[in-house]
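These notes concern the structure reproduced below.
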There are 2 protein chains.
Amino acid sequence: MDSNPENETDAADGESIEPASQGPDFAKSSNGLLPAIAQDFRTGRVLMVAWMNEVAFAETLASGHAVYFSRSRGQLWRKGETSGHQQVVQEIRVDCDRDTILLLVEQQGAACHEGYESCFFRRVEPDRSLTVTEDRLVDPQTVYNQPKSE
Amino acid sequence: MDSNPENETDAADGESIEPASQGPDFAKSSNGLLPAIAQDFRTGRVLMVAWMNEVAFAETLASGHAVYFSRSRGQLWRKGETSGHQQVVQEIRVDCDRDTILLLVEQQGAACHEGYESCFFRRVEPDRSLTVTEDRLVDPQTVYNQPKSE
């Protein structure tokens with residue numbers, strides 16, 4: 001809605017929700033990437049945020065496992081391929097603008113490459129210092145520096 | 001860690017967590033914006049994702065209310081300023097790369113400008129069609145098209 005000052009949608013044209021919308025709209029991103037949140041489907045804990053392009057989203061839909069696009073490596077990132085810490089997708093949601101993806105997942109092992117259950121293992125204090133609020137689930141050295149068993 | 005294939009951090013240099021880190025690192029974003037997730041602190045529901053720059057983050061910290069940066073309007077977006085649907089920040093977290101922000105909030109009214117509790121009110125089906133899974137909390141017309149009472 002044009003009259004809505006809280007509407008972030010650049011393409012607002014009086015029609016608020018597309019009637020025949022089909023999942024996320026990757027054309028809304030200049031680089032074809034949209035943020036994707038992984039949330040534990042049982043506990044509701046936010047585990048991580050990564051990025052998806054059309055190909056990653058399609059493979060996620062087809063495989064039932066979370067597949068992202070790694071910006072640093074410039075390629076698909078099949079979460080857990082190295083660590084074994086896969087995310088089994090239980091449900092996918094999109095936001096009102098269809099430019100953010102929410103995955104409800106069953107996390108196997110630790111979501112965070114630091115070995116924590118969630119990448120959000122630190123609280124920001126009023127002075128901006130960070131407090132680690134939990135213990136690691138796994139030692140990241142043992143996860144990433146050993147040959148994969150499968 | 002350089003050896004970690006799941007590490008999205010471009011600046012990885014062998015030190016996995018900065019010892020004197022101070023909140024989110026806006027320098028990691030080419031446009032100075034980082035994604036910020038708002039999550040209901042009671043229910044764990046993911047309400048919305050928006051963007052913050054350094055100024056928005058500083059005002060959020062100082063005011064205790066969520067302040068974002070609107071990409072479409074190119075200015076600070078004090079959530080709820082028009083609608084009254086403010087977000088009272090209970091806790092702030094950052095992820096392992098310090099490039100994503102998680103706000104645990106007490107949402108007043110509806111987070112979504114469409115009148116839903118959460119912007120993620122639609123499920124993506126296997127064929128990519130969308131299913132609305134809930135009712136609106138409020139009529140967006142009544143929220144945005146009337147003079148604000150306060």
Subject >> Over all atoms of both residues, closest heavy-atom pair of B/Ala58 and A/Arg128 >> reply: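 Where B/Ala58 meets A/Arg128 most closely, the heavy atoms are CB-NH2, 3.5 Å.
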**OP:** Taking all non-hydrogen atoms of both residues into account, name the closest pair between B/Met52 and B/Val67 and its distance.
**Re:**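 The pair with the smallest heavy-atom distance is CE-O, 3.5 Å.
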Where does [X] contact chain B at under 4.5 Å (heavy atoms): side chain, backbone, both or neither?
X        : value
A/Ser118 : neither
A/Leu104 : neither
A/Ile37  : side chain

Original post:
Got more than 12 heavy atoms from elsewhere within 6.0 Å of CG, B/Asp127?
Top reply: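 Atom CG in B/Asp127 is crowded, with more than 12 foreign heavy atoms closer than 6.0 Å.
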Original post:
Would you say the side-chain atoms of A/Glu59 and A/Tyr68 include a donor-acceptor pair closer than 3.5 Å?
Top reply: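 No, no side-chain donor-acceptor pair sits under 3.5 Å.
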Subject >> Any donor-acceptor N or O pair under 3.5 Å, side chains A/Arg78, A/Ser63 >> reply: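 On atom types as modelled, these side chains do not qualify, holding no pair under 3.5 Å.
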If we define contacts as heavy-atom pairs under 4.5 Å, which of [options] has the most with chain A?
options                    : result
B/Val49, B/Leu61, B/Val124 : B/Val124
B/Glu125, B/Glu54, B/Met48 : B/Glu54
B/Asp95, B/Thr43, B/Val46  : B/Asp95

**OP:** Would you mind checking which part of B/Leu102 comes under 4.5 Å of any heavy atom in chain A, side chain (CB onward), backbone (N, CA, C, O), both or neither?
**Re:**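 Looking at B/Leu102, backbone and side chain both touch chain A.
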**OP:** Give, as side chain, backbone, both or neither, the part of B/Thr131 having an atom under 4.5 angstrom from any heavy atom of chain A.
**Re:**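 Interface part for B/Thr131: neither.
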**OP:** Would you mind checking if B/Arg93 and B/Glu91 are paired as a salt bridge, meaning a charged N to carboxylate O distance below 4.0 Å?
**Re:**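 A salt bridge links B/Glu91 with B/Arg93.
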Subject >> N-O pairing of B/Glu117 and B/Arg42 below 4.0 Å >> reply: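 Looking at B/Glu117 and B/Arg42, the cut-off is not met.
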Original post:
In terms of heavy-atom pairs under 4.5 Å with chain B, which of A/Thr100, A/Ile101, A/Val94 leads?
Top reply: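 Most heavy-atom pairs within the cutoff with chain B belong to A/Val94.
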Original post:
Which residue out of A/Pro24, A/Cys119, A/Gly44 racks up the most heavy-atom pairs below 4.5 Å with chain B?
Top reply: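 Going by pairs under 4.5 Å, I would pick A/Cys119.
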